[in-house]
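Take a look at the structure below.
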Amino acid sequence: MSQTIIVTGGAQGIGKCTSQHLLKNGYNVVIADVDVEAVKECLQEFNEFQERLLVIETDTSQEESVKKCVKDTINKFQHIYGLVNNAAISNPNNAPVEDLLLEDWHKVIETNLTGYFLMAKYTVPHLRQSKGTIINIASTRALQSEPHTEAYVASKGGVVALTHALAISLGSDIRVNCISPGWIDVTQWRKLSLKKESDVRDIDNQQHPSGRVGKPEDIASMIEYLISDAASFITGQNFIVDGGMTKKMIYEE
Ligand SMILES: NC(=O)c1ccc[n+]([C@@H]2O[C@H](COP(=O)([O-])OP(=O)(O)OC[C@H]3O[C@@H](n4cnc5c(N)ncnc54)[C@H](O)[C@@H]3O)[C@@H](O)[C@H]2O)c1
């Protein structure tokens with residue numbers, strides 16, 4: 001029996017690439033995404049996998065929507081083995097903290113942090129049964145900042161902390177890990193109306209110790225590794241996948 005993995009925000013970007021990667025590698029995949037247009041495109045694009053695919057319009061920040069997503073998943077596949085908490089929004093307007101609206105702060109925290117908690121809460125009973133796993137997608141911004149990114153950065157710091165809290169609470173039934181991507185170029189993985197040529201410049205690639213900006217595949221393969229039995233001794237960790245950027249000293253000469 002194929003293992004069933006829910007990928008939130010699975011209809012675009014890193015999530016979409018991960019959904020495709022897991023489908024190609026034999027998993028059942030549930031794409032839970034709020035974007036109706038992107039969800040429809042996934043249904044068409046991944047049609048060849050329809051037996052092992054469920055696409056559910058889901059808003060992970062809304063409790064009833066999350067409950068429905070989990071219920072529909074169980075109805076189709078009868079079990080859940082993995083949860084990839086990936087759905088997130090970026091910083092609103094890059095407003096300085098004095099101008100950051102409380103409602104904008106709440107929106108980011110609700111999607112990027114509360115949504116991860118809600119998905120964990122309602123999948124955990126099923127993950128316990130399957131001895132499954134959770135992978136949370138945070139960001140290197142949990143560790144370092146550009147100006148005017150308070151809401152996003154705080155949400156991602158919360159995700160890193162939520163990861164080790166869950167790992168300790170849910171061991172030894174469920175392993176919980178986190179991946180913190182650096183700069184990942186997702187332009188080719190957006191829905192058609194948002195797709196555009198990559199604007200990554202030579203200098204962007206060259207500044208990375210790895211020699212290039214990241215691709216969604218870099219994260220998808222790490223996710224698959226953490227789901228697999230090969231990672232059965234790994235829990236509570238935050239894996240930085242950033243081409244080495246957070247290890248680079250950047251003091252000006
Ligand atoms: N791309 C990067 O450079 C980068 C770097 C660090 C971390 N990340 C993290 O990786 C993850 C994916 O990022 P991405 O660049 O692929 O983003 P993206 O914007 O390309 O895709 C995110 C998807 O999540 C969905 N989504 C947003 N809010 C949702 C909600 N409430 N419920 C359900 N779905 C929702 C969107 O509809 C979209 O399809 C995010 O957690 C992001 O913070 C990305």
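For ligands, and for the atoms within them, numbers begin at 1 and follow the listed sequence. For this chain, numbers begin at 1 and follow the sequence in order.
Under a cut-off of 6.0 angstrom, the local environment of NZ in Lys67 is crowded, with over 12 non-hydrogen atoms contributed by other residues, nucleotides or ligands. Within 6.0 Å of the NZ atom in Lys248, the count of heavy atoms belonging to other residues, nucleotides or ligands exceeds 12.
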Using a 3.5 Å cut-off and no angle test, enumerate the donor-acceptor pairs between side-chain atoms of residues 180-190 and protein atoms at least two apart in sequence or in another chain.
{"unit_1": "Ser180", "atom_1": "OG", "unit_2": "Ser139", "atom_2": "N", "d": "3.4"}
{"unit_1": "Ser180", "atom_1": "OG", "unit_2": "Ser139", "atom_2": "O", "d": "3.3"}
{"unit_1": "Ser180", "atom_1": "OG", "unit_2": "Asn238", "atom_2": "OD1", "d": "2.8"}
{"unit_1": "Ser180", "atom_1": "OG", "unit_2": "Asn238", "atom_2": "ND2", "d": "3.4"}
{"unit_1": "Asp185", "atom_1": "OD1", "unit_2": "Thr187", "atom_2": "N", "d": "3.2"}
{"unit_1": "Asp185", "atom_1": "OD1", "unit_2": "Thr187", "atom_2": "OG1", "d": "2.8"}
{"unit_1": "Asp185", "atom_1": "OD2", "unit_2": "Ser198", "atom_2": "OG", "d": "2.8"}
{"unit_1": "Gln188", "atom_1": "NE2", "unit_2": "Lys196", "atom_2": "O", "d": "3.1"}
{"unit_1": "Arg190", "atom_1": "NE", "unit_2": "Gln12", "atom_2": "OE1", "d": "3.3"}

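Contact residues of ligand 1 (protein heavy atom closer than 4.0 angstrom to a ligand atom; sorted by chain and number): Gly9, Gln12, Gly13, Ile14, Asp33, Val34, Asp35, Thr58, Asp59, Thr60, Asn86, Ala87, Ala88, Ile89, Thr111, Tyr116, Ile137, Ala138, Ser139, Tyr152, Lys156, Pro181, Gly182, Trp183, Ile184, Val186, Arg190.
Judged as a side-chain hydrogen bond (donor to acceptor under 3.5 Å, both in side chains), the pairs with a partner in residues 46-57 (not counting sequence neighbours) are, in order, Asn47-Gln50. Applying the salt bridge (Lys or Arg N to Asp or Glu O under 4.0 Å) test to every pair with at least one member in residues 3-31, sequence neighbours left out, gives these pairs: Lys16-Glu45.
Checked for salt-bridge contact, Arg201 and Asp204 meet the test: a charged N lies under 4.0 Å from a carboxylate O.
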